[in-house]
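What follows is one structure encoded as structure tokens, with my remarks underneath.
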Amino acid sequence: MQEELKNTIRIIQDFPTPGVSFKDITPIFASPDLCNRVVEEMINQLDGRKVDAVVGVESRGFFFGFLLALRLNVPFYPIRKKGKLPYKTYSESYELEYGKAAIEIHQDTIEKGMQVLVHDDLLATGGTMQATAKLIQAMGGELVGFSFIVALDQLKGIDKLLPYSSNIHSLVHYPI
């Protein structure tokens with residue numbers, strides 16, 4: 001599947017800034033068959049672990065995160081940038097290369113003891129995922145693991161996630 005995904009994912013050079021090689025997963029959506037196989041593979045990587053909820057990280061994490069939740073028959077909860085959710089939220093700040101950012105989740109989502117799977121389209125430096133893990137744990141949730149379509153292995157984002165779960169899976173690996 002990795003080779004098929006690499007042949008499907010569109011690489012956009014110098015987007016959103018010069019020097020960045022953007023991995024565009026949207027061409028995957030043109031194939032319902034491939035989408036179904038992606039979801040099945042992500043579920044297989046759970047190795048039968050119990051999942052009570054799936055959290056998808058803004059914005060591309062919503063696509064397959066929601067499909068995973070549907071297939072697992074569990075709730076889906078979005079993590080969004082600060083100020084984007086309309087109800088009462090919990091927030092977690094994290095460092096960016098040049099500044100700070102914050103993510104939020106509605107307060108009425110994760111319950112104590114919930115087994116939570118976190119999904120996003122791509123793992124890079126791991127800062128957003130680390131903030132997501134802290135937020136879920138602060139709410140009393142337990143991390144089942146992290147699921148990605150793409151991992152940029154040279155950026156070593158996995159190192160930031162290992163303290164939260166060793167169940168970290170990506171379907172496609174790129175250097176950068």
Side-chain angles (χ1 to χ4, degrees), residues 15-17 20-26 28-29 38-39 42 45-46 49 51-70 72 74-172 174 176:
F15 181 83
T17 60
V20 173
S21 174
F22 186 82
K23 312 306 185 269
D24 179 12
I25 67 162
T26 61
I28 298 170
F29 306 151
V38 163
V39 172
M42 289 188 287
Q45 291 174 340
L46 290 170
R49 289 177 180 87
V51 175
D52 296 317
V54 174
V55 167
V57 180
E58 184 169 336
S59 67
R60 289 176 300 275
F62 296 171
F63 298 123
F64 284 103
F66 185 70
L67 292 175
L68 277 166
L70 283 177
L72 293 167
V74 298
F76 172 80
Y77 300 121
I79 294 272
R80 299 220 47 204
K81 293 175 186 169
K82 189 170 181 69
K84 298 289 185 179
L85 290 172
Y87 187 63
K88 297 173 193 168
T89 61
Y90 292 119
S91 181
E92 182 69 35
S93 295
Y94 60 101
E95 297 289 326
L96 295 171
E97 189 174 344
Y98 299 103
K100 280 189 161 193
I103 54 170
E104 294 180 325
I105 190 169
H106 281 137
Q107 290 182 5
D108 62 351
T109 55
I110 307 301
E111 298 174 9
K112 185 175 173 129
M114 265 186 156
Q115 301 295 304
V116 180
L117 174 66
V118 176
H119 176 75
D120 201 0
D121 70 316
L122 184 135
L123 174 61
T125 63
T128 306
M129 291 298 103
Q130 184 179 43
T132 298
K134 288 179 181 178
L135 193 55
I136 289 166
Q137 286 184 337
M139 295 175 74
E142 298 173 19
L143 282 130
V144 171
F146 299 90
S147 166
F148 303 97
I149 305 294
V150 174
L152 304 179
D153 294 334
Q154 286 177 318
L155 297 178
K156 301 185 188 276
I158 194 170
D159 294 345
K160 289 183 181 172
L161 305 184
L162 285 170
Y164 303 98
S165 175
S166 61
N167 184 31
I168 304 167
H169 297 283
S170 302
L171 299 179
V172 180
Y174 289 94
I176 291 186

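- When every heavy atom of Asp52 is checked against every heavy atom of Val74, the shortest pair comes out as O-CB, 3.5 Å.
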Inset, instruction - List the steps, then state whether side chain to side chain contact (heavy atoms under 4.5 Å, CB included) holds for Thr132 with Glu92. - result: CA-CA 7 Å; Thr132 298; Glu92 182 69 35; over 6 Å; no
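- Within 6.0 Å of CZ in Phe66 there are 12 or fewer heavy atoms belonging to other residues, nucleotides or ligands.
- Judged purely by atom type and a 3.5 angstrom limit, Glu142 has no side-chain atom pairing as donor or acceptor with the backbone of Met114.
- In this structure, Phe76 and Ala69 approach most closely via the heavy-atom pair CB-CB, 3.7 Å.
- Note: Asp159 CG to Thr125 OG1 = 11.0 Å, rounded to the nearest 0.5 Å.
- Phe29 and Phe64 have their aromatic ring centers within a separation under 6.0 angstrom.
- Side-chain contact check for Pro86 versus His106: some heavy-atom pair is nearer than 4.5 Å.
- A donor-acceptor contact closer than 3.5 angstrom is absent between the side chains of Asn167 and Ser165.
- Remark: Tyr90 OH to Asp108 CG distance equals 9.5 Å, nearest 0.5 Å.
- To the nearest 0.5 Å, atom CD1 of residue Ile110 and atom CD1 of residue Ile105 are 4.5 Å apart.
- Atom-to-atom distance recorded for Met129:CE and Lys134:NZ is 13.5 Å, nearest 0.5 angstrom.
- Summarising the local packing, CD of Glu111 is surrounded by 12 or fewer heavy atoms from other residues, nucleotides or ligands at distances under 6.0 Å.
- Rounding to the nearest 0.5 Å places CD1 of Ile158 at 8.5 Å from CZ of Phe148.
- Between Gly56 and Phe62, the shortest heavy-atom contact is O-CE2, 3.3 Å.
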Inset, instruction - List the steps and the verdict of side chain to side chain contact (heavy atoms under 4.5 Å, CB included) for Leu117 and Met42. - result: CA-CA 11 Å; Leu117 174 66; Met42 289 188 287; over 6 Å; no
Inset, instruction - Could you give me the CA-CA distance, side-chain angles and deciding distance for Thr128 and Val57, then say whether side chain to side chain contact (heavy atoms under 4.5 Å, CB included) is met? - result: CA-CA 8 Å; Thr128 306; Val57 180; 3.7 Å; yes
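- Here the rule is side chain to side chain contact (heavy atoms under 4.5 Å, CB included) with Tyr77, and of Val116, Val54, Thr109 only Thr109 fits it.
- Here the CD1-CG distance, from Ile149 to Leu123, works out to 12.5 Å after rounding to the nearest 0.5 Å.
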Inset, instruction - Could you please spell out the steps behind the side chain to side chain contact (heavy atoms under 4.5 Å, CB included) verdict for Val51 and Gln115? - result: CA-CA 5 Å; Val51 175; Gln115 301 295 304; 5.5 Å; no
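- The pair Lys82-Glu104 meets the salt-bridge criterion, with a side-chain N (NZ, NE, NH1 or NH2) lying under 4.0 Å from an Asp/Glu carboxylate O.
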